[in-house]
Amino acid sequence: MKQKKGRVFSGARPTGRQHLGNYLGAIKNYVALQDDYECVYCIVDIHALTTMETTLALRQNTYEMALDWLAAGIRPDETIMFVQSHVPQVTELHTYLSMVTPLGKLTDLPTFKEKVRLQPQNVNYGLVGYPVLMAADIVLYRTNLVPVGIDQAPHIEFTREVVRSFNYRYQTDVLIEPEMKATETPKVIGIDGQQKMSKSLDNHIELAATPEETLQRVMMMVTDPQRMRRTDPGNPDVCNVFSFHKIFSTAEEVEMVNLECRRAGIGCVDCKRLMAKNLNESLQPFRERRSELAQNPDQVWDVLQEGAKRARAIAEETMQGVRRAIGLP
RNA sequence: AGGCCAGUAGCUCAAUUGGCAGAGCGCCUGUCUCCAAAACAGGAGGUUGUGGGUUCGAUUCCUGCCUGGCCUGCCA
C-alpha cells in the first residue's frame with residue numbers, strides 16, 4: 001500500500017437504496033479518494049434524527065446504503081466505513097464544541113433557514129446544532145480533508161471557526177482545522193427534468209433497480225417539450241436524456257444522438273432505449289457485486305462493526321486530548 | 001406550571017345558526033403524441049389529532065389527553 005496523503009472524512013444520511021444522483025455526486029468520488037487518502041466514511045444516523053419522525057426504516061436504510069457503498073467499490077479493508085451512533089464519542093465532542101459556538105452563527109446558516117421553512121413544526125434543538133454535530137464528526141477523526149459539494153462550504157467554514165475558537169479558548173492545538181475539497185458535483189437532474197434527483201421527489205433511478213425497471217424509468221423521463229412529433233427536430237441542450245448520454249454513452253454515440261435528434265433522424269424512444277442500454281451495462285458490475293453481497297447481510301453488518309471499532313480507537317484518542325485540553329478533572 | 005390559539009386528503013386550505021366532508025396542487029388511469037411534457041376527460045385517496053359527553057344527528061358545542069405555536073411564571 002502506497003503512502004497516503006492524509007485523512008478524508010465524509011458522511012451521508014441513511015437514505016436507503018442509493019440512486020444515480022448519489023452515485024455521481026458522492027459515492028463515485030468516495031471510491032476514487034481511496035487511492036490517495038486514508039478514508040473514513042460515515043452513515044450519519046444521528047443527524048437523520050433531526051428530521052425524521054419515525055425510525056422504523058432506519059436500520060433497513062442503513063443496511064441498503066452500506067450495501068450500495070460496498071458494491072460501488074468502497075474497500076472496507078482500507079477504508080473505515082461505519083455508523084455514526086456506534087461511536088458515542090461524537091456526541092460528547094458535540095457538547096464541548098457547542099460551548100464555543102455562538103447561537104447566531106447557527107441560525108444564520110442557509111441550511112438551517114431552509115429547514116425552518118420546510119419543517120416549521122419540528123424546529124428542534126438538535127436541528128439548530130446540526131452543524132456542531134457535523135463539526136464534531138469531522139474533527140473527531142482528525143480529518144485533513146472533507147470532500148463536499150459547494151453547498152456545504154458554509155458548514156466546513158463553520159467547522160474551521162469552531163476549531164479555532166476551541167483551540168484558542170483552551171490554548172491548545174489538539175483539534176485539527178480541516179481543509180475543504182470542493183468536489184465538482186455534477187448536478188444530476190431527476191427524471192422530471194426539473195429538480196435535482198432525489199428519493200423524496202420520486203424522480204430518481206436506483207442503482208440497484210433491475211434493467212427493466214431502469215428502462216421503465218428512463219422512458220418516463222421528460223424530454224424537449226418542443227419536440228411534439230417524431231418528425232419534429234429536437235434540442236438536446238434542453239433534454240435531460242442527453243445529459244445522461246454524455247455520462248453513460250460513448251463519444252461517438254453522444255455525437256450521433258446530438259446530430260440525429262436535431263434533424264429528427266432518431267426519435268426520443270430510440271434515444272432513450274440506447275441511453276438505458278448503456279446505463280444498464282455500466283451498472284451491471286455494480287448490480288452483480290450487490291446481489292452477491294446481499295447473500296450475506298451479516299457480512300455487511302460485520303463491516304460496519306469492524307469500521308466502528310477502528311473509528312472508536314481514533315475517536316477515543318482524540319477525546320483524551322480534548323478532555324485534557326479543556327481541563328476536565 | 002398557568003393563559004391564549006391551532007390540528008380536516010400526500011401538501012395548502014374550505015365547509016353558512018349543529019344537517020350527506022369539498023376545492024386547488026400532487027398522485028393513478030384514459031385520449032392525444034415516436035416517448036415524455038402540455039391540454040382535455042375520468043378515478044383513487046379521510047376513524048375531520050385522540051378518548052369521553054350533549055344531541056335524532058357533531059368537523060362544528062362541552063370535557064380529558066396528545067402535538068405544535070405565542071405569552072406569563074418557576075427551576076437549573
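In what follows, chains are A, B, ... by sequence order, proteins preceding strands, each numbered from 1.
- Along RNA chain B, the nucleotide nearest to A/P225 and the one nearest to A/D202 differ in position, and the one closer to the 5' end is contacted by A/D202.
- Classification of A/K199 and A/E206 as a salt-bridged pair fails, no side-chain N sitting under 4.0 Å from a carboxylate O.
- Only the P atoms considered, B/U50 is 16 Å distant from B/A21, to the nearest whole Å.
- Of the C1' atoms belonging to B/A44 and B/C25, the separation is 16 Å, rounded to the nearest Å.
- Across B/G51 and B/U47, the matching P atoms stand 11 Å from one another, rounded to whole Å.
- Nucleotides B/U59 and B/G7, compared at atom C1', are 11 Å apart to the nearest Å.
- Secondary-structure stems of RNA chain B, taken as three or more successive Watson-Crick or G-U wobble pairs (i with j, i+1 with j-1) under a 3.5 Å distance threshold, comprise B:1-7 with B:66-72, B:10-13 with B:22-25, B:27-31 with B:39-43, B:49-53 with B:61-65.
- Nucleotides B/G45 and B/C28 are separated by 10 Å at their C1' atoms, to the nearest Å.
- RNA chain B is contacted by both A/R230 and A/V123; A/R230 maps to the nucleotide lying nearer its 5′ end (nearest heavy atom per residue).
- Ring pair A/F248/A/F244 is parallel by interplanar angle, where below 30° counts as parallel and above 60° as perpendicular.
- Base contact: A/D224 has a heavy atom under 4.0 Å from a base atom.
- Nucleic acid contact for A/M219: sugar-phosphate only, since backbone atoms but no base atoms lie under 4.0 Å from a heavy atom of the residue.
- Between A/D68 and the options A/R17, A/H19, A/R290, A/Q18, a side-chain hydrogen bond (donor to acceptor under 3.5 Å, both in side chains) holds for only A/R290.
- The separation of B/G43 from B/U8, taken at their P atoms, amounts to 26 Å, rounded to a whole angstrom.
- Looking at residues two or more places apart in sequence or on another chain, you find a salt bridge (Lys or Arg N to Asp or Glu O under 4.0 Å) between A/D202 and A/R217.
- Residue A/R273 places its CZ atom among 12 or fewer non-hydrogen atoms of other residues, nucleotides or ligands, all under 6.0 Å distant.
- Side chain to side chain, A/N29 and A/T183 fail the donor-acceptor criterion of an N or O pair below 3.5 Å.
- A gap of 38 Å separates the C1' atoms of B/C62 and B/G26, to the nearest Å.
- For A/A26, the side chain to side chain contact (heavy atoms under 4.5 Å, CB included) partners are A/Y30, not counting sequence neighbours.
- Rounded to whole Å, the C1' atom of B/U60 lies 49 Å from the corresponding atom of B/U33.
- A/Y141 pairs by the ring-ring contact (aromatic ring centres under 6.0 Å, His included) definition with A/F9, A/F82, not counting sequence neighbours.
- A 4.0 Å heavy-atom criterion places the boundary nucleotides of RNA chain B facing chain A at B/U33 to B/G68, written 5' to 3'.
- For the salt bridge (Lys or Arg N to Asp or Glu O under 4.0 Å) condition, the pairs that include at least one residue of residues 90-103 of chain A, sequence neighbours left out, are A/E92-A/R323.
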